[in-house]
Student: 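Once you've had a glance at the structure underneath, I'll fire off some questions.
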Amino acid sequence: MTLFLKPLIFLQDSYLAFLSLMFHGGSTKDEAVTPKKLEAFINDVTTWGRQLRTLLIVPLFKYLVALCLIISLLVFIESIYMNLVVVYVKLFKRKPEKFYKCEPMQEDIELGHESYPMVLIQIPMYNEKEVLQLSIGAACRLVWPLDRLIVQVLDDSTDQTIKEMVNAECAKWENKGIDIKCERRDNRNGYKAGALKQGMKHNYVKLCNYVVIFDADFQPEPDYLQRSVPFLVHNPEVALVQARWSFMNANKCLMTRMQEMTLNYHFMAEQESGSNRHAFFSFNGTAGVWRMAAMEEAGGWNDRTTVEDMDLGVRAGLLGWKFVFLSDLTVKSELPSKFKAFRFQQHRWSCGPANLFRKMIMEIIRNKRVTIGKKLYMIYSFFFVRKIIVHFFTFFFYCIILPTSVFFPEINIPAWSTFYVPCLITLFVVIATPRSFYLVIFWILFENVMSMHRTKGTFIGILEGGRVNEWVVTEKFGDALETKLLPRIGNPRKVFESVNSKEIMVGMYITCCACYGLVFGNTFLYLYLFMQASAFLVSGVGFVGT
């Protein structure tokens, strides 16, 4: 034990000597600093520190705790509201088919295939070697009259080999009778939004009534158009029909399982409630069918943020167009299985909405095309609570305020905010993915870790920082996900090859708080803190994902 105390004693002596030098100057034989003077000085510093704690630090911490409790209630009420809507929808079976006409498309005896609307399929991609065949093939297999379908591959690839692979795949399907176009640009301005916008400028696009967007890793079922397009054909007020995502690599690792839980809850709660209560929700950027007229009226694609999909959706919603979410229509997709790729994706998904809110809040307020209720829903629920406040709250409360509270035993944080409310919200999430119930503790800890990156992204978006328009394409594996050769992809991982300093620093801080709580605290909070610190440290050394 003495061995461990010696460094601490040395640091204490050095610190006291430094204070003596700073406040009393160097000592001489005639003016030596006596133990009594040093003791008096230490007492003065201690008294001053206690006064500072009493007059400033404790009141400030109380204010921060009170603020977090208010935000906790706001987030909880929003969660309760969304889930009550979902329960109502499930109990009374209020499916879109009850409110919107959706009769199947049928071939007219006289008109033949002309009774079917022209549909454009857009597939934006960038060096998607592993998934290009899967995505192009899935789009070309969609059941729809061949003379009423155009597949447009928007290839921004910079690798010549991949370009040739795209050309070969397009030629293969063209020989099978598919009207497929491969369009390329000489730059990547605007990233995905720029590619989609450029793709809409071709003359043949003007022949189409509807446009479907599939990201490069999405594989729709053959009946996708048959189940989605009728909602647009028979309901002229509907601008968008959005399908739900399913995940073909959800079982790849623990990280993908936890992503599945989060996204399933997003579709179950946010999309389902928005569609049924307000006929508005966030377009997910893929697996959706748009009415061309609605897109044109809303101004088309805009690359001012990294969430061009949400941007288009909000602008169309402000014009009074309705959106329909089909929970029983699923499209297979791929989840990022590498931690670095997931972090980049979450940065884009948190930074973009915050930046869009900054750019559009006044436009929403001044809008005269929609009701005040819908504007309030957009500003408060859609943007403020779900896209901004929830990220700040999760990180600052559970990873900063709660750990720091061990140093302030005089401040009581009510149990409802630290246990009951989080448990209920977590229960809602688990309901969306029942098979992952036993992973709920890991999900909580991992979501808290990711909330740090989402908070950072939100700050950058609100303040329009340097990385506000950063776009890193999420790495995909395609067929490699199901093969035994996956471990050979890339170089073997080296121990601690990827150290994430932010996670390490937060993990060390929470560890210190946990140790203090273990020794001096009178609650079991340290148990949670040790687990949360472990989650940060494990993420910090890169031991997450594949």
Side-chain angles (χ1 to χ4, degrees), residues 1-16 18 49 52-53 57-58 60-61 64-65 68 253-255 258 338-344 346-347 350 391-409 411 413 417-419 422 441-460 467 493-545:
M1 188 67 174
T2 307
L3 182 64
F4 290 101
L5 290 177
K6 282 184 178 181
L8 298 177
I9 296 172
F10 171 76
L11 290 174
Q12 182 186 24
D13 292 342
S14 302
Y15 178 63
L16 293 176
F18 173 73
L52 179 65
R53 173 188 170 92
I57 298 178
V58 171
L60 178 62
F61 193 75
L64 293 175
V65 169
C68 286
C253 61
L254 183 60
M255 190 181 77
M258 291 183 289
K338 288 190 175 182
F339 186 50
K340 186 176 181 180
F342 183 56
R343 284 174 57 187
F344 279 126
Q346 293 303 298
H347 170 82
S350 56
H391 301 321
F392 289 138
F393 167 72
T394 303
F395 177 64
F396 284 114
F397 186 63
Y398 294 108
C399 302
I400 301 297
I401 296 297
L402 207 55
T404 307
S405 67
V406 300
F407 302 115
F408 300 94
I411 299 178
I413 299 180
S417 66
T418 59
F419 183 76
I441 298 298
F442 296 102
W443 178 83
I444 293 172
L445 301 177
F446 184 68
E447 279 293 294
N448 288 345
V449 172
M450 294 311 303
S451 69
M452 178 180 69
H453 298 287
R454 293 171 184 144
T455 299
K456 179 185 175 184
T458 305
F459 264 122
I460 293 174
R467 293 179 58 197
R493 175 180 294 189
K494 298 178 181 179
V495 179
F496 306 127
E497 70 170 349
S498 177
V499 176
N500 305 305
S501 58
K502 299 180 185 66
E503 286 91 337
I504 293 291
M505 288 189 291
V506 175
M508 291 177 64
Y509 174 72
I510 297 178
T511 301
C512 293
C513 295
C515 292
Y516 186 90
L518 174 63
V519 177
F520 301 104
N522 55 3
T523 67
F524 293 101
L525 178 62
Y526 65 87
L527 295 176
Y528 158 74
L529 296 182
F530 275 123
M531 290 191 294
Q532 189 62 71
S534 300
F536 271 98
L537 294 174
V538 168
S539 301
V541 296
F543 286 171
V544 180

Student: For residues 502-515, pull every pair meeting side chain to side chain donor-acceptor pair (under 3.5 Å), keeping only residues two or more places apart or in separate chains.
Tutor: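 Sorted result for residues 502-515: Thr404-Tyr509, His453-Glu503.
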
Student: Over 60° means perpendicular and under 30° means parallel, so classify the ring planes of Phe459 and Phe396, tilted if in between.
Tutor: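 The arrangement is perpendicular - the two ring planes meet at more than 60°.
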
Student: Take Ile504 and Val541 through the side-chain contact (heavy atoms from CB on, under 4.5 Å) test and state the conclusion after the steps.
Tutor: CA-CA 8 Å; Ile504 293 291; Val541 296; 4.1 Å; yes

Student: Heavy atoms only: give me the nearest Leu525-Ser405 pair and the separation to one decimal.
Tutor: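 For Leu525 versus Ser405, the nearest heavy atoms are CD2-OG, 3.7 Å.
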
Student: Return the CE to OG1 distance between Met450 and Thr455, rounded to the nearest 0.5 Å.
Tutor: 10.5 Å

Student: Hey, mind stepping through Tyr528 and Thr418 against side-chain contact (heavy atoms from CB on, under 4.5 Å) and telling me if it holds?
Tutor: CA-CA 11 Å; Tyr528 158 74; Thr418 59; over 6 Å; no

Student: Run the ring-ring contact (aromatic ring centres under 6.0 Å, His included) test against Tyr398 and tell me which residues pass, sequence neighbours left out.
Tutor: Phe393

Student: Got a donor-acceptor contact below 3.5 angstrom from the His347 side chain to the Arg467 backbone?
Tutor: yes

Student: Taking the ring centre of each residue, are Phe446 and Phe442 less than 6.0 Å apart?
Tutor: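 Distance test on ring centres: not under 6.0 Å, no.
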
Student: Could you tell me whether the side chain of Phe339 reaches within less than 4.5 Å of the side chain of Asn500, counting heavy atoms only?
Tutor: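 Heavy-atom side-chain distance check passes, below 4.5 Å.
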
Student: Any idea which heavy atoms bring Ile401 and Phe61 closest together, and the distance?
Tutor: O-CZ, 3.4 Å

Student: Could you pull out the closest heavy-atom pair between Phe536 and Met452, with the gap in Å?
Tutor: CE2-SD, 4.1 Å

Student: Could you measure the distance from the CZ atom of Phe344 to the NZ atom of Lys338? Nearest 0.5 Å is fine.
Tutor: 12.5 Å

Student: Ignoring hydrogens, what is the shortest heavy-atom contact between Val406 and Cys513? Give both atom names and the distance.
Tutor: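 That closest heavy-atom pairing would be CG2-O, 3.5 Å.
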
Student: Contact between Leu518 and Phe530 at the side-chain level, heavy atoms closer than 4.5 Å - yes or no?
Tutor: yes

Student: Do Gln532 and Leu402 pass the side-chain contact (heavy atoms from CB on, under 4.5 Å) test, and can you show the C-alpha distance, the side-chain angles, and the key distance before you say yes or no?
Tutor: CA-CA 11 Å; Gln532 189 62 71; Leu402 207 55; over 6 Å; no

Student: Once rounded to the nearest 0.5 Å, what's the spacing between atom CZ of Phe397 and atom OG of Ser451?
Tutor: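 With rounding to 0.5 Å, CZ (Phe397) is 12.5 Å from OG (Ser451).
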
Student: What do the steps show when you test Cys515 against Tyr526 for side-chain contact (heavy atoms from CB on, under 4.5 Å), and what is the final call?
Tutor: CA-CA 7 Å; Cys515 292; Tyr526 65 87; over 6 Å; no

Student: Which heavy atom of Ala533 sits nearest a heavy atom of Gly507, and at what distance?
Tutor: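 Looking at all heavy atoms of both residues, the closest pair is CB-O, 3.6 Å.
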
Student: Treating Thr394 as the side-chain partner and Asn448 as the backbone partner, does any N or O pair qualify as donor plus acceptor under 3.5 Å?
Tutor: no

Student: Specify the closest pair of heavy atoms between Leu529 and Ile510, including all atoms of both residues, with the distance to one decimal.
Tutor: O-CG2, 3.3 Å

